[in-house]
**Student:** 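Here it is, the structure in full.
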Amino acid sequence: MTEFAAFKKMKELLTNYYIEAKTTQEKPIAWITSGAPVEFLYAMDILPIYPENYAAMCAANHQSVELIEAAEAEGFSQDICAYARTDFGADITQGGPAAGLPPPHFLLCSTNICKTVIKWYEVIARKYDVPLFIVDTPFLHDGLTQELIDYTISQFKDLENFLSDFTGKPFDQERFFEVLYLSREAANYWQKMLYLGKNIPSPFNSLDSFIHLGPIVTLRGTKECVDYYKLLYDEVAERAEKKLASVPGETHRVLWDNLPVWFKMRRLEKFFEEHKTTLVVTTYANSWGGYGNFNLDQTDDIYESVARSYLNVYINIGFEDRIKYLAQLIDEFSLTGFIMHSNRSCKPYSIGMYRLQEELSKLTGKPGVVIEADQNDPRAYSDAQVETRLEAFIESMESISLN
Amino acid sequence: MFEPFHEVVTNVSKTILEHEKKTDRPVIGVMPAYFPMELIWAAGGYPVQLWGNNLPLEKSDAYLQAYCCSIARSVLELEMRGIAKMVKGYAFTSLCDTLINLREIYRRLFSKPTLELSIPITKTVEARRTYLRSVVQNVTDGLEAITGQKITPDALKETSQLFGHVRALQRNLYQIRREKPGLIKNHDFYTVIKAGFFLPAAVYAQMLEKLLGNLDTLEAPNGKRPRLVLSGMVFDPLEIYQLMDEFGADVVDDDFANGWRTVSKKDFQVGNLSEGVTAYLFHPAPCCCIYNPDNDRHAYLLNKVKESGADGVLFWYMKFCEPDAFDRPQLMKRLKDENIATAFVDLELSVANFDAVKTRISAFCEILEG
Ligand code: SF4
Ligand code: SF4
């Protein structure tokens with residue numbers, strides 16, 4: 001990975017976060033999906049815990065197989081998302097880097113990333129006998145509509161009532177707006193940092209952004225998160241200024257679509273370095289940049305803009321819009337090609353990918369490749385297969401540049 | 001007695017083409033699950049339910065990965081191979097991530113219109129009501145655009161009665177099966193239900209009436225064979241029922257999305273369309289794809305076992321169906337805690353060799369026989 005001084009700070013932040021999670025006596029704990037509106041929780045002093053982030057950490061630490069196998073031994077099928085299996089396993093064995101997650105008092109789940117999380121959280125709700133609040137954010141087949149926005153806002157209001165009943169306190173709107181502001185600030189730094197990838201050569205690569213995603217996922221809405229991304233942004237901006245390349249001799253600049261392969265980060269990094277290929281931008285890391293769009297200037301519109309941001313997530317939009325967005329990234333980041341990770345675990349991100357690849361290549365004239373892998377289950381991954389495909393893809397970029 | 005139903009199921013395309021001509025209605029392909037067929041018929045369409053078949057997958061592989069369920073892959077195969085060419089448009093529900101994306105694939109690959117009944121999953125009642133109103137409006141507009149015909153209140157009322165009648169007849173068949181296990185062979189039973197996917201409701205109703213009239217007079221065979229409740233999304237592949245008939249096991253009830261979960265639905269309420277759709281989607285049987293904590297699957301399945309006098313529950317798992325897969329371990333545990341025997345089989349529509357499934361089911365039946 002590119003060496004960033006901020007990395008140390010991030011480790012410290014995440015360690016403190018997990019320590020608080022494991023030890024807090026005062027704060028209620030909510031398990032929450034990565035795309036759920038966490039700002040409502042912070043407004044009521046509830047500590048959000050992200051099972052997806054924990055699952056990713058387990059895989060990055062090469063602990064996911066044993067956890068997945070523990071879940072499978074309890075009957076959970078290999079067919080279900082490996083994040084869920086990893087977390088079920090961590091819950092059963094109290095395993096992983098934080099020795100399991102603290103038990104939830106309730107669950108908050110949003111369908112903007114997938115419908116799978118409903119099933120996942122139903123299992124948890126039943127196991128712990130805790131309430132599950134769902135913010136349903138239907139798939140945007142035809143873009144954002146007022147009906148979808150209104151539907152989401154109504155559920156936000158209901159969420160406020162739920163939280164108020166749960167805590168026995170009135171919903172703290174003032175604090176809520178402050179938290180939204182902090183979320184927006186952090187997301188803006190994050191987005192600005194990601195957009196520094198437009199520099200040639202790129203001062204960081206997407207594997208770095210995957211590593212540095214932790215705080216924007218788990219601490220979004222806190223002051224620490226803003227400070228951290230400011231630090232990181234400054235550091236990356238300085239590298240950009242000095243024209244320091246993340247991948248020395250950068251020859252190819254590509255996009256990565258879908259989640260990372262958490263357990264192969266090092267190997268893939270080495271592979272791309274050897275092939276002078278920088279992963280410059282990803283749809284995945286960009287998703288958190290969307291929370292920089294909160295319009296907080298007019299009280300009346302705040303809920304609407306929050307609803308828009310939570311609905312309008314890449315994985316929740318129709319293919320027409322996905323293609324447009326991908327093409328725009330290819331253009332703006334001066335890319336030479338794109339990699340799509342057909343992720344066995346994540347159907348909503350992956351189904352249709354082969355069609356997207358065809359259309360996107362046709363539209364942009366850039367080569368693309370689909371690799372078959374999995375974000376968290378190393379048993380569903382073959383180095384040889386993936387690397388052979390990637391090599392062929394890199395060759396195809398080379399032949400284009402020679403022409 | 002069952003011959004006409006077998007005839008339909010073995011000649012699906014022919015059946016549809018014949019009735020398309022007779023009814024002079026555009027064929028609408030209905031994707032899994034719970035799209036109210038009433039809306040399609042009332043709009044002048046001819047709904048045909050698509051749950052896939054056992055064609056080898058040759059073309060769909062280009063667009064649907066091997067980790068997608070065989071329902072989605074098989075349905076896409078039908079369109080790609082031109083077998084579904086009589087279908088003029090597709091009606092989806094937002095049942096699962098696979099189907100949501102499948103609709104997008106259809107929109108990119110084919111020019112046929114698609115519409116989606118987006119199922120709101122929220123406990124915020126007012127939000128659900130308002131949102132569903134706009135969803136239903138879009139769906140009816142879409143149907144009317146395909147058929148060129150308006151949905152009138154009269155047509156809707158008549159259709160609701162017709163489809164309600166069909167389901168009531170199917171429920172009678174289920175009732176007979178519960179009361180007289182073994183009277184209807186498993187393979188015949190599901191052939192009868194499946195035939196309904198392809199026939200116009202009035203034609204199917206007549207066939208069912210005739211069948212039920214005959215069945216009423218018959219007695220179940222003597223002797224008790226293991227009695228099973230089956231639970232899963234889709235009751236296919238039908239070949240397995242032939243095997244069960246041979247080695248001796250009686251399905252006495254089921255919890256299939258295209259079986260009892262649909263058959264149990266009451267008459268579609270036409271007074272207020274969005275309320276009607278809500279009632280239709282969320283009641284009475286729970287489904288793994290429709291979050292509804294007020295309608296608990298555990299209690300429901302336990303009750304089903306009790307009421308049907310089954311000896312055990314066999315989970316009929318369509319590979320890669322996550323909604324079903326997530327629920328299963330806790331459900332099995334709960335049943336086990338209540339001393340109900342359970343087992344599960346992994347299935348795909350395109351399976352050609354049923355030896356492993358047969359071994360598994362017969363082993364389970366042996367356990368049940370003690
Ligand atoms: S990886 Fe995909 S399927 Fe799994 S929880 Fe995330 S969005 Fe849902
Ligand atoms: S079988 Fe499962 S995954 Fe497949 S379409 Fe039906 S609900 Fe979706």
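Letters A, B, ... mirror the listed sequences (proteins, then strands); counts begin at 1. What you are looking at is a predicted structure, and each value in this text was computed from that prediction instead of being measured. All heavy atoms count here, side chains included; hydrogens, waters and symmetry mates do not.
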**Student:** Quick check on A/Q385: does its CD atom have over 12 non-hydrogen neighbours (other residues, nucleotides or ligands) under 6.0 Å away?
**Tutor:** no

**Student:** For residues B/P329 and A/G75, report the shortest heavy-atom separation together with the two atoms involved.
**Tutor:** CG-O, 3.3 Å

**Student:** NZ of B/K112: more than 12 outside heavy atoms within 6.0 angstrom?
**Tutor:** yes

**Student:** Indicate yes or no for a side-chain donor-acceptor contact from B/E104 to the backbone of A/G318 under 3.5 Å, with no hydrogens or angles considered.
**Tutor:** no

**Student:** For B/Q330 and A/K127, work out which heavy atoms get closest and say how close.
**Tutor:** NE2-N, 3.9 Å

**Student:** Where does B/F344 contact chain A at under 4.5 Å (heavy atoms): side chain, backbone, both or neither?
**Tutor:** neither

**Student:** Are the charged groups of B/D327 and A/R126 less than 4.0 angstrom apart, N to O?
**Tutor:** no

**Student:** Just so I know, are the side chains of B/F320 and A/S77 near enough to count as touching, which here means a heavy-atom distance under 4.5 Å?
**Tutor:** no

**Student:** With a 4.5 angstrom heavy-atom cut-off, is it the side chain or the backbone of B/A62 that approaches chain A, or both, or neither?
**Tutor:** backbone

**Student:** Is a donor on one side and an acceptor on the other found under 3.5 Å between the side chain of A/E122 and the backbone of B/Y291?
**Tutor:** no

**Student:** Are there residues of residues 345-356 of chain A that reach to under 4.5 Å of chain B by heavy atoms, and which ones?
**Tutor:** A/S345, A/K347, A/P348, A/S350, A/I351, A/G352, A/M353, A/Y354, A/R355

**Student:** Which atom names give the shortest non-hydrogen contact between A/I80 and B/E322, and what distance separates them?
**Tutor:** CA-OE1, 3.4 Å

**Student:** Using non-hydrogen atoms only, which part of B/D296 is less than 4.5 Å away from chain A: side chain, backbone, both, or neither?
**Tutor:** side chain

**Student:** Measure distances from A/F139 to the heavy atoms of chain B and classify the residue's part below 4.5 Å as side chain, backbone, both or neither.
**Tutor:** side chain

**Student:** Do A/K115 side-chain atoms and B/L95 backbone N/O form a donor-acceptor pair below 3.5 Å?
**Tutor:** no

**Student:** Counting heavy-atom pairs under 4.5 Å with chain A, which one of B/H298, B/K333, B/R328, B/R133 comes out on top?
**Tutor:** B/H298

**Student:** Which one, A/R344, A/E372, A/E359, leads in non-hydrogen pairs under 4.5 Å with chain B?
**Tutor:** A/R344

**Student:** Please flag which part of A/F88 lies under 4.5 Å from any non-hydrogen atom of chain B: side chain, backbone, both or neither.
**Tutor:** side chain

**Student:** So which part of A/D374 gets closer than 4.5 Å to some heavy atom of chain B, the side chain, the backbone, both or neither?
**Tutor:** neither

**Student:** Check the side chains of A/T116 and B/D97 for a donor-acceptor pair under 3.5 angstrom, ignoring hydrogens and angles.
**Tutor:** yes

**Student:** Chain B heavy atoms under 4.5 Å from A/I323: which part of the residue, side chain, backbone, both or neither?
**Tutor:** side chain

**Student:** Checking A/A380 against chain B: side chain, backbone, both or neither under 4.5 Å from a heavy atom?
**Tutor:** neither

**Student:** Atom SG of B/C288 and atom CD1 of A/I118: how far apart are they, to the nearest 0.5 Å?
**Tutor:** 11.5 Å

**Student:** Identify the heavy atoms of B/R107 and A/H141 that sit nearest to each other, and give their distance.
**Tutor:** NH1-O, 3.1 Å

**Student:** Can you tell which part of A/Q357 gets under 4.5 Å to a heavy atom of chain B, answering side chain, backbone, both or neither?
**Tutor:** neither

**Student:** Indicate whether the side chain of B/Y131 and that of A/S154 have a donor and an acceptor atom separated by less than 3.5 Å.
**Tutor:** no

**Student:** Please classify the contact between B/C69 and chain A as side chain, backbone, both or neither, with a heavy-atom cut-off of under 4.5 Å.
**Tutor:** neither

**Student:** What part of A/E74 is in contact with chain B, defined as an atom under 4.5 angstrom from a non-hydrogen atom: side chain, backbone, both or neither?
**Tutor:** backbone

**Student:** Under a 3.5 Å cutoff, is there a donor and acceptor pairing between the side chains of A/Q78 and B/Y67?
**Tutor:** no

**Student:** Do you know which of B/S118, B/C68, B/P120 has the most heavy-atom pairs under 4.5 Å to chain A?
**Tutor:** B/P120

**Student:** Checking an interface table here. Which of residues 121-129 of chain B come within a heavy-atom distance under 4.5 Å of chain A?
**Tutor:** B/I121, B/T122, B/K123, B/T124, B/A127, B/R128

